[in-house]
Amino acid sequence: MSEAAVGYTKEHGERFVEELKELLRIPSVSTAPEHVGDVRKAAEFVADGLRAAGMEKVRLIETSTTARKGHPLVYAEWLHAAGKPTVLLYGHYDVQPAEPLDEWKSPPFEPEIRDGNIYARGAVDDKGQMWMHVKALESLLKTDGKLPVNVRVMIEGEEEVGGEGIAAFVREHGDQLKADAALVSDTEMFAPELPTLCVGLRGMIYTELEARGAATDLHSGMYGGAAPNPFVALAQMIAQMKREDGHIAIPGFYDGIEEPTKAELEAWRSLPFDEEAYRKHEVGSTELTGEAMFSVLERTWSRPTMDVHGIPGGFIGAGAKTVIPAKATAKISFRLVPGMRPEETFAKYKKFVEEICPKGIQVKVTMIHSGEPIVVSTDNKYVRAATDAMAKVFGKETVFVRGGGSIPIVGDFVRELGIPTVMMGFGLPDDNLHAPNEKFHLANFHRGIESIVRFLDGVGAGS
Ligand code: BES
Ligand code: MN
Ligand code: MN
């Protein structure tokens, strides 16, 4: 029974945190070529943890895409619960870059505990949450000598760069991941103390829009006024794509969008959401922007959007240089909602920028990565096992929300593997994902482990 396992999680909780700290010291930034070795080190660390927990067939699976060699997947299994369902546990051990470094109160790869929170890049997204899965398995295996269900574990190292490696693996070797349900802990709770299941994620396309003007950089005094400027061209194109009222002006962009049901919208309205506190304390801006006829939750969960992440190129050093750069590139992404397809959105966007491209400028649009939007079913026994488990741990009813972020592989779990997916996450709204001073509330780390133990137990008991 899980009570012994729950006891074990409490007895060994401090060690679990020490291990997590060790993992957080490895800068496994998947997008940075200089960190390939660290990414692999993190994969080995996770594999060792799974072996120590008592999992079987633990191995690294190499990945590659047409473009490049990928980061390894970590696989493990325990399949001796005859007649019981098989649960696929998913997480990621890669992290986002930590920059800007001078905004961190303690260095991003030197985890520090302050006020019951552990601060480090990857603390909540997703090393801390992934480690909860490993520790839940350990707690069950070390106390019962077995698991209540069959378990496969798949942890990837490329989630933060689009997850192409794992997608290829799922497409080609889906049979090796046969499972009845998937459990993902890579989302947030709606509010502290409020157990939450995430039932939808936005999809995305991440692109680069390159603009070229003159054949070479030019003196801006000698040529300014006559030569095309690719930065100005990018600004003009971007401004035409997203209007000031938040509407995306790409023709057909909103075609086919599926609205949330009345019941879902009604449920969102009853969530404890304080828009002014959100503006002030989470966003920290003077105003919120976007489509005024939609609520903030709709704008971030069920409406698509476009954002610009950076415009590399030209002169960015200290001081001044009077130059008209030959080339500039904008990193632009779109978040997609159900009813939208990544390839179709990309085609509409590409056609539009080619049409509005200013005189004397050549544009090139490249897709960096993409992922499908997803809504998961809430009417199955796995969701019930999750809400039962969290009711025991938090003493509260679970709320159902969507997330504005993306986890590309979740769409493949649902579409390719055809399995219900439970997104039971323990992050908090102010955990600073992808930002300086990322943290994980340690109480939630421990409650997460207990919830996962109880979830697996509940699934095994057929509740
Ligand atoms: N864990 C996040 C996604 C997330 C965050 C979902 C909060 C729901 C609520 C994930 O690690 C992430 O950041 N994904 C990227 C995906 C992209 C790089 C393909 C994202 O959403 O930007
Ligand atoms: Mn994540
Ligand atoms: Mn992330």
Side-chain angles (χ1 to χ4, degrees), residues 29 31-34 65-68 96-97 99-100 160-162 164 203-255 285 289-290 304-336 340-371 406 434:
V29 181
T31 200
E34 67 273 25
T65 56
T66 39
R68 65 194 159 80
Q96 288 269 325
E99 285 77 11
E160 299 291 9
V161 289
E164 264 188 78
M204 83 175 316
I205 59 174
Y206 197 110
T207 76
E208 279 182 355
L209 175 57
E210 181 190 279
R212 283 182 177 274
T216 176
D217 286 12
L218 300 171
H219 188 295
S220 68
M222 293 166 67
Y223 300 97
N229 184 314
F231 278 92
V232 175
L234 283 178
Q236 288 165 337
M237 289 187 280
I238 290 165
Q240 284 179 77
M241 271 190 281
K242 188 175 189 174
R243 292 195 326 222
E244 251 177 78
D245 62 4
H247 184 83
I248 313 283
I250 297 171
F253 184 78
Y254 295 95
D255 289 357
S285 61
T289 57
T305 190
M306 167 201 146
D307 272 292
V308 182
H309 309 288
I311 308 191
F315 178 67
I316 54 160
K321 178 186 181 191
T322 45
V323 64
I324 298 175
K327 169 190 134 170
T329 308
K331 291 180 185 285
I332 299 177
S333 82
F334 297 85
R335 297 280 170 176
L336 316 182
M340 299 174 83
R341 304 297 311 273
E343 317 74 52
E344 283 172 18
T345 304
F346 182 75
K348 290 172 191 165
Y349 154 62
K350 182 166 185 284
K351 180 159 181 273
F352 187 60
V353 290
E354 283 166 358
E355 273 165 23
I356 63 171
C357 176
K359 267 205 314 204
I361 296 286
Q362 285 77 48
V363 283
K364 196 172 101 196
V365 202
T366 336
M367 178 104 95
I368 308 283
H369 59 66
S370 68
S406 314
H434 295 202

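These values consider heavy atoms only, across backbone and side chains, with no hydrogens, waters or symmetry-generated copies.
The two residues Asp245 and Arg243 come nearest to each other via the heavy atoms OD2-NH2, 2.8 Å. A pairwise comparison of heavy atoms in Ile361 and Pro230 identifies CD1-CA, 3.8 Å as the closest pair. Across every non-hydrogen atom of Ala330 and Ile238, the tightest pair is CB-CD1, 4.2 Å.
Considering only heavy atoms from C-beta on, Pro304 stays 4.5 Å or farther from Phe334 through its side chain. Here the side chains of Met241 and Val308 are not in contact, with every heavy-atom distance at 4.5 Å or above. Counting heavy atoms from C-beta on, the side chains of Met367 and Ile205 come closer than 4.5 Å. Residues Phe315 and Pro325 are not in side-chain contact: their nearest non-hydrogen atoms beyond the backbone lie 4.5 Å or more apart. The closest side-chain heavy-atom distance from Met237 to Val363 is below 4.5 Å. When side chains are defined from C-beta on, Met204 counts as touching His369, because their heavy atoms get closer than 4.5 Å.
With Thr207 contributing its side chain and Ile332 its backbone, the two residues share a donor-acceptor pair below 3.5 Å. Of the possible polar contacts, one joining the Tyr254 side chain to the Ile248 backbone as a donor-acceptor pair under 3.5 Å is found. A distance-only check finds a donor-acceptor pair linking the side chain of Asp217 to the backbone of Ala326 [under 3.5 Å].
With no hydrogens or angles considered, a side-chain donor-acceptor pair links Thr305 and Lys242 at under 3.5 Å.
Counting heavy atoms of neighbouring residues, nucleotides and ligands inside a 6.0 Å radius, atom CD of Glu343 exceeds 12 of them. Within 6.0 Å of NZ in Lys348 there are more than 12 heavy atoms belonging to other residues, nucleotides or ligands. Counting non-hydrogen atoms of other residues, nucleotides and ligands closer than 6.0 Å to OH of Tyr223 gives a total of 12 or fewer.
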Derivation of the side chain to side chain contact (heavy atoms under 4.5 Å, CB included) call for Met306 and Phe253: CA-CA 11 Å; Met306 167 201 146; Phe253 184 78; 5.8 Å; no
